[in-house]
Amino acid sequence: MRAQSSATTTSPIAVATPGPERPGFGTLQAALGVVAFSLTFPATAWGLEGFGPWSLVAVRSVLAAVIAGGCLLALRVPLPARRHWAGLAVVGAGVVLGFPLLTTLALETSTTAHAAVVVGLLPLTTALFSALRVGTRPSRTFWIAALAGAAAVLAFTVQQSGGALTTADLYLFAALLVCAAGYTEGGRLARVMPGWQVIGWALVLCLPLTVPVAAAALAREPVQLTAHSVTGLLWVAAGSQFAGLVVWYRGMAAIGIPKASQLQLAQPLLTLVWSVLLLGEHLTVAAPLTAAAVLVCIAVTQRSRG
């Protein structure tokens, strides 16, 4: 593959990439990404039934990279310009490696409801990273609504988990920081290249590390192939790690990083619903009240202007 000489590409997917002139479609794509991400923790819990944490993270990244690499080769996508590789490395470190590994380690001892505190705070953290990295300046109304939504989600998820600070919490808060950095850098890159290529190249860039780690982990950690473990692995690889990030980055490029990040305020609540349906976890009556508050905050942030 030859180096990309400009910020654009002639692949069919590049032509279809939504831009700022299609904010409604961008919001829809970002929302689809949130739905995909909301299944990540339950799917990870399923995957941990048959795989060790290192095996699960490394294998999911390798499988997602195979899918992404196949798409890049099939469409003959040229290599990104050299100036974009540093940003892709940040995406890879934060989204491909850091967040999956840290949250998987946390889910060994934490419930999915407790882990939802991460994604509850992620929108605000992403908006902060965006302001620092790409110079976005959301309005005061935006920040008030964002803080209110984050506070509602944080209070709900902490109440669900009992409010105890554990080692798993340290993993989760570290995951929050690295993921926000990866989202911000990915959203910035998605303005100059198709979103699916951002995550695709980030996955391929990590292959020299994920392949040997996967081989070593599979040799040391026990593996038990069950319907749950295989389904969980396939979802976090194809759904969360690739397809979900494709629509997510395209959505961020269309409507902006801060507004797209606020859609994630609904993610913890969706995760809790999946936890009840798929894992049998108990859901309290506080969920619909928090959901109503979150929806109001999302509506305010989507209408505010930065």
Side-chain angles (χ1 to χ4, degrees), residues 3-37 64-65 67-69 71-72 75 77-99 122-123 125-136 138 178-206 239-264 267 301-302 306:
Q4 188 171 338
S5 59
S6 66
T8 60
T9 155
T10 58
S11 77
I13 296 182
V15 175
T17 303
E21 72 278 7
R22 302 174 67 187
F25 188 53
T27 299
L28 174 61
Q29 291 189 98
L32 289 175
V34 170
V35 173
F37 300 153
I67 297 172
C71 293
L72 292 168
L75 293 173
V77 177
L79 288 169
R82 184 175 299 178
R83 65 183 181 275
H84 297 321
W85 282 104
L88 290 170
V90 174
V91 175
V95 178
V96 176
L97 300 176
F99 186 79
L122 190 54
T125 310
T126 302
L128 289 172
F129 269 77
S130 174
L132 294 173
R133 179 66 178 91
V134 298
T136 56
V178 298
C179 189
Y183 277 175
T184 300
E185 198 64 22
R188 185 187 67 82
L189 289 172
R191 292 181 177 273
V192 295
M193 68 174 69
W196 76 276
Q197 292 183 23
V198 173
I199 185 58
W201 286 118
L203 285 163
V204 171
L205 184 64
C206 292
S240 302
Q241 194 86 72
F242 183 65
L245 285 169
V246 167
V247 292
W248 174 244
Y249 282 139
R250 288 174 63 134
M252 279 200 295
I255 66 176
I257 297 172
K259 286 191 175 182
S261 70
Q262 298 314 302
L263 293 174
Q264 280 198 307
Q267 186 174 326
T301 58
Q302 291 300 299

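Note that the numbering runs from 1 along the sequence shown for the chain.
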Any chance you could measure [X], atom [atom1], to [Y], atom [atom2], to the nearest 0.5 Å?
X: Met252; Y: Leu245; atom1: CE; atom2: CG; answer: 8.5 Å
X: Gln29; Y: Leu263; atom1: CD; atom2: CG; answer: 12.0 Å
X: Leu28; Y: Arg250; atom1: CG; atom2: CZ; answer: 11.0 Å

Considering all heavy atoms of both residues, which atom of [X] and which atom of [Y] are nearest to each other, and what is their separation?
X: Val77; Y: Trp201; result: O-CZ2, 3.9 Å
X: Trp196; Y: Cys71; result: CZ3-CB, 3.5 Å
X: Pro80; Y: Met193; result: CB-CE, 4.0 Å
X: Gln241; Y: Ile199; result: O-CG1, 3.5 Å
X: Gly239; Y: Ala36; result: O-CB, 4.2 Å
X: Cys179; Y: Leu122; result: SG-CD2, 3.9 Å

Just by modelled atom types, is the Ala190 backbone N or O under 3.5 Å from a matching donor or acceptor in the Gln197 side chain?
no

For Thr126, does its backbone N or O pair with a side-chain atom of Ser130 as donor and acceptor, under 3.5 Å?
no

Stepwise side-chain contact (heavy atoms from CB on, under 4.5 Å) test for Trp85 and Leu205:
CA-CA 9 Å; Trp85 282 104; Leu205 184 64; 3.7 Å; yes

For Tyr183, all residues meeting ring-ring contact (aromatic ring centres under 6.0 Å, His included), sequence neighbours excluded
Trp248

State which residues pass side-chain contact (heavy atoms from CB on, under 4.5 Å) with Ala65; sequence neighbours excluded, sorted by chain then number.
Leu203, Leu207

